[in-house]
Amino acid sequence: MTPVPAQQRLGPRWFAGSADAIFQSYNLIDDASPDYIIVFGADHIYRMDPSQMVADHIASGAAVTVAGIRQPLEMADQFGVIEVGPDGKTIKAFREKPTDAVGLPDSPDEIYASMGNYVFTAQALNEALERDAVDLNSKHDMGGNIIPMLVNRGDAQVYDFRDNVVPGSTERDRGYWRDIGTLDSFYTAHMDLVAIHPIFNLYNREWPIFTGYPSWPPAKFVHSWGERVGRAVSSMISPGVVVSGALVENSVISPNVTVHSWAHVTGSVIMEGCDIGRHAVIRNAILDKNVMVPEGAEIGVDLERDRKRFTVSDGGIVVIGKGQRVDV
């Protein structure tokens with residue numbers, strides 16, 4: 001994988017939308033001369049073998065294949081909905097949060113929610129992006145403009161996510177998919193991971209999730225006398241973390257975090273490099289990278305006070321921005 005910085009290839013302006021981002025970076029795609037192009041969203045959590053979707057797309061001969069996950073009909077107003085024709089494959093409409101959605105031909109009580117994952121035939125994507133780029137009324141969005149353009153041509157099909165079989169998966173975890181585009185959904189997805197029996201299984205050794213893994217030391221838990229005991233319960237603790245005489249519960253702790261003595265972290269997501277001072281209390285919070293929490297500070301204890309200092313989500317999760325130093 002090669003990260004690509006934002007480019008300004010069409011003048012002194014940044015990307016106007018997801019489609020414009022691909023259009024401005026298309027020179028990199030041209031360098032590879034692909035026959036097919038996969039465009040996947042980055043704010044969803046799921047496990048998938050993309051090669052199976054690509055094979056389905058090639059067999060169909062469509063310009064684009066859109067991954068859909070089955071959801072109850074009554075939840076249609078929460079998703080971008082894919083409506084299909086009688087064959088159950090051809091997309092006849094692509095609608096955003098409709099209140100009058102129609103059920104699937106083979107299951108009237110279900111709809112396809114778009115997962116934001118697309119496989120394009122390269123030529124079709126290139127032509128669609130060029131047409132979209134000169135449309136002054138377009139928002140230059142993949143789901144809002146490019147896909148409807150190809151749907152209107154009758155050249156789009158759906159891929160049923162339940163048909164994707166990943167080695168080591170079970171019936172329980174096979175359909176797991178979460179959109180984490182909001183603070184509350186981001187938080188909930190992390191709390192899913194620390195459940196006693198999480199649906200999304202990070203420990204599937206037949207289909208591991210690869211990520212960067214610098215040379216950090218193992219996590220360490222120190223001190224063991226009186227109430228000064230370094231321990232973590234129902235939590236995920238990353239390398240480089242030191243829990244020094246503190247208690248961590250139901251939390252996800254990212255690398256190189258230090259939780260000092262007598263501190264109590266519960267129901268929280270702590271990003272890399274944070275420092276939690278002695279006697280600090282953190283409840284139901286998300287701390288971005290390198291947040292400094294001084295001795296005795298309280299976060300998530302008094303939400304009215306927190307709203308004056310930080311962002312508090314609709315679900316009551318306190319969110320503190322990157323590099324911020326918290327006042328006592």
Side-chain angles (χ1 to χ4, degrees), residues 45 180 183-184 186-203 209 211-313 315-328:
I45 298 176
I180 55 170
L183 292 171
D184 285 324
F186 178 85
Y187 175 83
T188 300
H190 279 81
M191 293 302 104
D192 285 349
L193 296 177
V194 297
I196 293 175
H197 188 197
I199 297 176
F200 190 72
N201 179 21
L202 292 178
Y203 301 93
I209 295 175
T211 184
Y213 205 92
S215 298
W216 289 312
K220 183 168 67 172
F221 302 82
V222 296
H223 297 306
S224 179
W225 56 271
E227 295 182 358
R228 193 185 186 192
V229 179
R231 61 207 188 278
V233 181
S234 298
S235 298
M236 302 188 82
I237 309 298
S238 300
V241 170
V242 177
V243 180
S244 175
L247 172 60
V248 176
E249 297 180 290
N250 302 307
S251 296
V252 177
I253 311 296
S254 301
N256 294 335
V257 170
T258 300
V259 188
H260 294 277
S261 293
W262 298 289
H264 186 190
V265 178
T266 183
S268 296
V269 180
I270 311 298
M271 298 297 189
E272 183 179 343
C274 291
D275 190 271
I276 313 300
R278 290 185 170 199
H279 300 284
V281 176
I282 301 176
R283 298 177 185 167
N284 304 328
I286 301 172
L287 273 58
D288 205 344
K289 292 181 179 181
N290 302 317
V291 170
M292 306 296 291
V293 180
E295 183 172 346
E298 294 184 344
I299 298 167
V301 176
D302 183 346
L303 290 184
E304 291 307 311
R305 179 171 183 248
D306 287 337
R307 285 189 176 93
K308 298 175 182 177
R309 304 184 294 166
F310 315 119
T311 296
V312 178
S313 74
I317 306 304
V318 182
V319 182
I320 302 179
K322 185 183 299 183
Q324 189 167 343
R325 181 176 179 84
V326 176
D327 295 327
V328 178

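Here, residue 1 is the first one in the sequence, and each next residue gets the next number. Just so it is clear, the values below take in all heavy atoms, side chains as well, and ignore hydrogens, waters and symmetry mates.
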Can you check whether [X] reaches [Y] side chain to side chain, under 4.5 Å on heavy atoms?
X: Ile317; Y: Phe186; answer: no
X: Leu202; Y: Met236; answer: yes
X: Asp192; Y: Ile199; answer: no
X: Val301; Y: Arg283; answer: yes
X: Tyr187; Y: Val319; answer: no
X: Ile209; Y: Phe200; answer: yes

How many angstroms lie between [atom1] in [X] and [atom2] in [Y], if you round to the nearest 0.5 Å?
X: Glu298; Y: His279; atom1: CD; atom2: NE2; value: 12.0 Å
X: Ser261; Y: Arg278; atom1: OG; atom2: CZ; value: 5.0 Å
X: Ile286; Y: Leu183; atom1: CD1; atom2: CG; value: 5.5 Å
X: Cys274; Y: Ile320; atom1: SG; atom2: CD1; value: 8.5 Å
X: Ile45; Y: Thr188; atom1: CD1; atom2: OG1; value: 10.5 Å
X: Glu272; Y: Asn256; atom1: CD; atom2: CG; value: 5.5 Å

Side-chain ([X]) to main-chain ([Y]) donor-acceptor, under 3.5 angstrom:
X: Asp306; Y: Val318; answer: no
X: Ser313; Y: Gly315; answer: yes
X: Thr258; Y: Asp275; answer: no
X: Ser251; Y: Gly267; answer: yes

If you take all heavy atoms of [X] and [Y], which pair is closest and at what distance?
X: Gly226; Y: Val229; value: O-CG2, 3.4 Å
X: Ser234; Y: Val194; value: O-CB, 3.3 Å
X: Val291; Y: Gly321; value: CG2-O, 3.2 Å
X: Pro255; Y: Ser238; value: N-CB, 3.4 Å
X: Met191; Y: Ser268; value: CE-O, 4.0 Å
X: Gln324; Y: Arg309; value: NE2-O, 4.1 Å

Exercise for the section: Return the orientation label for the Trp262 and Trp225 ring planes: parallel under 30°, perpendicular over 60°, tilted otherwise. Expected result: perpendicular
Practice task
Apply the side-chain contact (heavy atoms from CB on, under 4.5 Å) test between Met271 and each candidate in Asp288, Ile253, Val252; give the one that qualifies.
Solution key: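 Checked Asp288, Ile253, Val252 against Met271; only one passes side-chain contact (heavy atoms from CB on, under 4.5 Å): Asp288.
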Completion exercise
The single option from Val281, Ile270, Leu287 that satisfies side-chain contact (heavy atoms from CB on, under 4.5 Å) with Val293 is Leu287
